[in-house]
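Note sheet for the following structure.
What you see is a predicted model; the values in this text were computed from it and never measured. Counting convention: from 1, in listed order, for ligands and their atoms alike.
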Amino acid sequence: MKSMQIIDAKNHVGEVVQIGAWVANKRSSGKIAFLQLRDGTAYFQGVVVKNEVSEEVFQLAKNLTQETSVMITGEIREDTRSKFGYEIGVQEIEVVGESHEYPITPKEHGTDFLMDHRHLWLRSSKQHAIMTVRNELIRATYEFFNTNNFVKIDPPILTGSAPEGTTELFHTQYFDQEAFLSQSGQLYMEAAALAFGKVFSFGPTFRAEKSKTRRHLIEFWMIEPEMAFMHQEESLEIQEKYVAYLVQSILDNCDYALDVLERDKAQLARYTQVPYPRISYDDAVTLLKENGFEDIEWGDDFGAPHETFIANSFEQPVFILNYPKAIKPFYMKPHPTRDDVVICADMIAPEGYGEIIGGSERATDYEYLLEQIKLHGLDEEEYSWYLDLRKYGSVPHSGFGLGLERTVTWLTGIDHVRESIPFPRLLNRIYP
Ligand code: 4AD
Ligand code: MG
């Protein structure tokens with residue numbers, strides 16, 4: 001007998017097959033039982049008709065409890081009433097693993113309870129849809145960069161340097177030395193760009209941020225491309241093309257998941273149009289002031305309400321260009337004619353999801369960088385390898401970092417970044 005997965009049902013119509021699945025839900029009357037079956041690839045219905053199976057099988061079906069694992073034997077049929085389009089006419093049921101009093105019932109549960117049961121919550125249809133979109137974004141990321149001649153380079157996770165500032169570091173012991181968990185692979189990617197031209201990384205990063213918001217994780221995954229012989233304007237073009245490509249990929253390949261999530265596809269389709277609008281930091285401050293934000297002054301970083309207001313002024317993701325030097329990391333290229341801003345951009349997602357990309361052109365002047373490293377209170381010795389990159393064949397180069405979880409959160413339209421990663425690490429939560 002052929003065993004198959006639910007997603008392949010369309011290729012087996014009329015055949016008797018075996019499927020390993022879990023019972024997500026069940027309805028039954030005197031003569032018929034409907035099992036909602038899931039196997040991780042999809043959901044479909046198993047139909048058990050009393051006078052088509054043995055009395056034993058029918059009783060077993062009626063008594064199956066939520067999340068019991070079963071091996072089902074039956075015939076695949078078309079089912080025009082369901083969106084999935086196929087069902088299985090059940091002939092035999094073998095219980096593989098019993099399940100009693102499954103904690104997550106179809107009723108409403110509080111978020112804390114669900115987070116405590118994250119290992120089981122992942123089985124629910126909404127979580128499944130979110131992870132399907134996440135997986136597609138990962139697949140499309142490799143596809144986009146591989147087809148554009150980027151080389152995937154893996155920066156280290158245990159590091160001795162702090163590219164994004166020293167306040168948010170996770171400290172760890174590296175034998176008799178102090179080390180940190182990586183908060184960004186960027187500095188290593190700069191070295192890689194000078195070796196391979198165009199590179200990208202995709203890995204976990206760690207930030208001991210004390211902020212408890214809908215956008216912050218302690219451990220998150222970042223995609224960090226870095227390009228040699230490239231100025232900021234060309235980098236912005238790659239960024240908008242990449243994000244548009246991600247959106248198009250989920251429209252093309254995640255139709256069912258987007259339906260489960262009730263995501264507005266017409267709205268997503270707008271985000272596939274490039275170029276994205278650009279606004280300078282200066283103009284963004286003016287825009288905010290003109291619209292009643294009295295708390296913002298030139299030189300301040302934007303908070304969530306500011307980013308949301310700016311995003312709502314546009315129909316697509318928007319780049320905010322050239323922030324004040326004082327609120328950005330040491331490595332950004334200084335503006336050619338102004339002392340107070342650097343050549344950088346953040347991409348702000350629409351609909352209030354905030355910053356999804358941070359990037360910049362990189363400073364190339366040896367003396368300038370050395371001075372910045374000292375100014376930021378960083379140890380010159382630890383950065384001497386980084387400064388070498390400016391000594392031996394330095395070139396203009398630019399790069400950026402896209403946060404995977406912020407992007408998943410935006411594109412799935414969920415409320416909180418904690419549901420965008422299988423096992424979120426949050427302030428006060430490292431379980432399960
Ligand atoms: O803006 P960030 O800090 O930029 C960098 O780390 C640069 N070194 C990247 C580069 O140029 N190679 O972080 C980049 C992105 C943010 O725009 C956001 O999407 C995400 O990483 N991010 C977070 N996501 C979830 N939780 C957090 N605590 C995050 N901090 C940053
Ligand atoms: Mg940033």
Test side-chain hydrogen bond (donor to acceptor under 3.5 Å, both in side chains) on T213 and H216; report intermediate values, then the result. CA-CA 6 Å; T213 76; H216 286 90; 2.6 Å; yes
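- Ion pairing of E405 with R215 is absent here, as no side-chain N (NZ or NE/NH1/NH2) approaches a carboxylate O to less than 4.0 Å.
- When the heavy atoms of E355, M222, R406 are ranked by distance to atom 17 (O) of ligand 1, first place goes to E355.
- Nearest to atom 15 (C) of ligand 1 among the protein's heavy atoms is G401 O, 3.6 Å.
- Ion pairing between K289 and E294 fails under the 4.0 Å rule for side-chain N and carboxylate O.
- Here atom 6 (O) of ligand 1 lies nearest to R207 when heavy atoms of R207, Q183, E224 are compared.
- Between E164 and K328, none of the side-chain N atoms (NZ, or NE/NH1/NH2) sits under 4.0 Å from a carboxylate O, so this pair counts as no salt bridge.
- In summary, R263 and D255 do not engage in a salt bridge, as defined by a charged side-chain N under 4.0 Å from a carboxylate O.
- Counting only distance, with no hydrogens or angles, the side chain of R418 and the backbone of R425 share no donor-acceptor pair below 3.5 Å.
- The shortest distance between side-chain heavy atoms of F423 and Y431 does not fall below 4.5 Å.
- The residue among W410, F206, F220 with a heavy atom at the shortest distance from atom 29 (C) of ligand 1 is F220.
- Checked by distance only, ligand 1 and G403 come closer than 3.5 Å through their nitrogen or oxygen atoms.
- At least one heavy atom of R362 sits closer than 4.0 Å to an atom of ligand 1.
- Using a 4.0 Å cut-off between charged nitrogen and carboxylate oxygen, D283 and R278 do not count as a salt-bridge pair.
- Given atom 28 (N) of ligand 1, the protein heavy atom at minimum distance is E209 OE2, 2.5 Å.
- Those atoms of ligand 1 with a heavy atom of G358 less than 4.0 angstrom away are 1 (O), 9 (C), 10 (C), 11 (O), 17 (O).
- The shortest N/O to N/O separation between L217 and ligand 1 falls below 3.5 Å.
- Between V342 and K333 there is no side-chain heavy-atom pair separated by less than 4.5 Å.
- Using bins of under 30°, 30° to 60° and over 60° for the plane-to-plane angle, the ring pair W298/Y281 lands in the perpendicular bin.
- Short contacts between ligand 1 and Y331, defined as distances under 4.0 Å to a heavy atom of the residue, involve ligand atoms 7 (C), 8 (N).
- For atom 8 (N) of ligand 1, the closest non-hydrogen atom of the protein is E164 OE2, 2.6 Å.
- Using bins of under 30°, 30° to 60° and over 60° for the plane-to-plane angle, the ring pair Y242/F400 lands in the tilted bin.
- Between E226 and ligand 1, no pair of N/O atoms sits closer than 3.5 Å.
- Close approach of ligand 1 to I357 is summarised as follows: ligand atoms under 4.0 Å from at least one heavy atom of the residue are 17 (O).
- The backbone N or O of N11 sits nowhere less than 3.5 Å from a side-chain atom of D8 that would complete a donor-acceptor pair.
- Numbered from 1 in the order shown, with element, the atoms of ligand 1 that lie under 4.0 Å from a heavy atom of S184 read 6 (O), 8 (N).
- Among protein heavy atoms, the minimum distance from atom 19 (O) of ligand 1 is reached at I356 O, 2.9 Å.
- Inspection of the environment of the Mg ion (ligand 2) yields the following protein N, O or S atoms under 2.8 Å: E355 OE2.
- Remark: R390 does not engage D388 in a salt bridge, criterion side-chain N to carboxylate O under 4.0 Å.
- Between Y86 and F84, the ring planes lie perpendicular to each other; the angle is over 60°, past the 30° to 60° tilted range.
- When E405, R215, Q186 are checked for heavy-atom proximity to atom 25 (C) of ligand 1, R215 turns out nearest.
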